[in-house]
Amino acid sequence: MKTTDTPPSGPTGTPSDADAAKVPAQRTGTVSKGSAAPAKSSEGRVLNVFSHGMLVLWAIMVVLPLFWAVMSSFKTDSDIFNTPWSLPSSLNFDSWGRAWSQAHMSEYFLNTILVVGGSLTGTLVLGSMAAYVLARFEFPGNRFIYFLFVGGMSFPIMLALVPLFYVMDNMGLLNTIHGLIAVYIAYSLPFTVFFLTSFFRTLPTSVAEASIIDGASHTRTFFQVMLPMAKPGLISVGIFNFLGQWNQYMLPTVLNTDPEKRVLAQGLVELAASQGYKGDYSGLFAGLVIAMLPVLAAYIIFQRQVVSGLTAGALK
């Protein structure tokens with residue numbers, strides 16, 4: 001039976017003076033501890049307001065130029081110079097038509113879709129296969145191959161432009177769509193393998209072992225079991241590769257000099273040079289928005305998958 005200690009009493013059965021003096025001291029200590037909470041909460045509110053203010057400022061810095069470019073694409077050239085910050089009085093789609101047809105943005109857009117679509121598919125397939133092997137199987141040279149991919153991330157692409165040009169020329173791949181696709185795949189593989197190797201290591205091994213016990217081959221286990229489980233990571237790295245390949249300018253400028261096979265980044269530079277002398281700034285803004293819309297749409301659609309793929313390794 002649990003007993004509680006009672007304070008010693010004085011001669012009349014009441015608490016002694018010494019014990020009674022301790023009570024105010026204890027109450028005073030309790031009050032002093034509680035008074036620290038408002039100070040901490042006020043400090044947290046100040047930090048919260050500061051962080052939110054910085055986020056709002058950063059959002060304004062990013063969104064305002066995009067909104068101004070879209071708004072200017074619906075204006076005439078005179079409205080752009082006379083009232084650059086006002087909303088367009090009417091939606092003028094003539095600039096979009098000129099950029100799409102006269103500036104050949106439709107051809108550049110189609111070429112970019114072909115190049116980025118083929119390179120993105122090849123990058124995800126080859127990168128996921130290599131990352132799965134490096135993450136799940138132990139063999140001599142495993143770490144060496146992994147660090148070879150990691151080292152490829154730190155290699156400046158400018159140092160490889162001259163030898164890459166001669167290699168592509170000797171192989172007959174200059175000014176070709178499939179040659180540019182192969183270069184994009186090689187350029188994107190190091191980051192893809194690095195990202196997916198860490199992601200495959202977070203997936204449970206019991207599922208793969210169970211499929212092997214059931215008689216599935218390693219190929220079937222990868223494509224039907226492990227690859228669907230790695231969907232968040234594939235979407236995340238796919239978005240990053242899509243952004244990098246869609247906005248790529250240096251590689252196609254060196255390896256793709258055929259005017260009929262230019263990609264969108266080359267077309268925008270050509271449009272800026274030609275329309276700048278003509279003074280057709282509304283057409284230039286329309287071409288810029290045409291090149292920008294697919295990137296914004298891809299990020300808006302897959303933003304949750306990108307965040308979940310980036311945090312999956314940390315949460316597990």
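On a predicted model such as this, the values are computed, not experimentally measured, just so you know. Heavy atoms only: backbone and side chains are in, while hydrogens, waters and symmetry mates are out.
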Can you establish whether the number of heavy atoms outside [X] located under 6.0 Å from its atom [atom1] is more than 12?
{"X": "Met153", "atom1": "CE", "value": "yes"}
{"X": "Phe50", "atom1": "CZ", "value": "no"}
{"X": "Phe139", "atom1": "CZ", "value": "yes"}

Work out which heavy atom in [X] is nearest to a heavy atom in [Y]; give both atom names and the distance.
{"X": "Ser198", "Y": "Thr202", "result": "O-CG2, 3.4 Å"}
{"X": "Ala99", "Y": "Ile290", "result": "CB-CD1, 4.4 Å"}
{"X": "Ile185", "Y": "Ser119", "result": "CG1-O, 3.5 Å"}
{"X": "Ser73", "Y": "Ser95", "result": "O-OG, 2.6 Å"}

If you round to the nearest 0.5 Å, how far is [atom2] of [Y] from [atom1] of [X]?
{"X": "Leu124", "Y": "Asn241", "atom1": "CG", "atom2": "CG", "result": "6.5 Å"}
{"X": "Leu196", "Y": "Phe194", "atom1": "CG", "atom2": "CZ", "result": "11.0 Å"}
{"X": "Leu264", "Y": "Gln248", "atom1": "CG", "atom2": "CD", "result": "13.0 Å"}

Would you find a donor on one side and an acceptor on the other, under 3.5 Å apart, between the side chain of [X] and the backbone of [Y]?
{"X": "Arg98", "Y": "Ala103", "answer": "no"}
{"X": "Gln266", "Y": "Val263", "answer": "yes"}
{"X": "Ser211", "Y": "Ala208", "answer": "yes"}
{"X": "Asp258", "Y": "Glu260", "answer": "yes"}

Can you check whether [X] reaches [Y] side chain to side chain, under 4.5 Å on heavy atoms?
{"X": "Pro252", "Y": "Tyr184", "answer": "yes"}
{"X": "Val70", "Y": "Leu66", "answer": "no"}
{"X": "Phe285", "Y": "Ile80", "answer": "yes"}
{"X": "Leu227", "Y": "Leu234", "answer": "yes"}
{"X": "Leu251", "Y": "Leu161", "answer": "yes"}
{"X": "Phe240", "Y": "Thr192", "answer": "no"}
{"X": "Thr221", "Y": "Tyr132", "answer": "yes"}
{"X": "Lys75", "Y": "Ser282", "answer": "no"}

Could you give me the CA-CA distance, side-chain angles and deciding distance for Arg136 and Leu203, then say whether side-chain contact (heavy atoms from CB on, under 4.5 Å) is met? CA-CA 10 Å; Arg136 293 295 182 180; Leu203 299 180; 3.2 Å; yes

task: Starting from the C-alpha separation in whole Å, work towards a yes-or-no answer on side-chain contact (heavy atoms from CB on, under 4.5 Å) for Leu288 and Leu271.
output: CA-CA 9 Å; Leu288 178 64; Leu271 180 62; over 6 Å; no

ask   = Is the ring centre of Phe93 less than 6.0 Å from the ring centre of Phe74?
value =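 Ring centroids of Phe93 and Phe74 are less than 6.0 Å from each other.
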
Aromatic rings Trp246 and Phe109: how do their planes relate, parallel, tilted or perpendicular, breaks at 30° and 60°?
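Perpendicular, since the angle between the ring planes exceeds 60°.
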
### Query
Which word best sums up how the rings of Phe195 and Phe191 line up, parallel for under 30°, tilted for 30 to 60°, or perpendicular for over 60°?
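Ring orientation of Phe195 relative to Phe191: tilted.
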
Next on the checklist: Phe200 vs Phe222, test: side-chain contact (heavy atoms from CB on, under 4.5 Å). Steps then yes/no.
Outcome noted: CA-CA 11 Å; Phe200 274 117; Phe222 170 72; 4.0 Å; yes

State whether a side-chain donor-acceptor pair under 3.5 Å links Ser217 with Thr219.
->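 Their side chains do not contain a donor-acceptor pair, so the 3.5 Å distance test is not met.
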
Problem set entry | Row check, Tyr146 ring normal vs Arg201 NZ/CZ: under 6.0 Å, within 45° |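 Pair Arg201/Tyr146 counts as cation-pi.
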
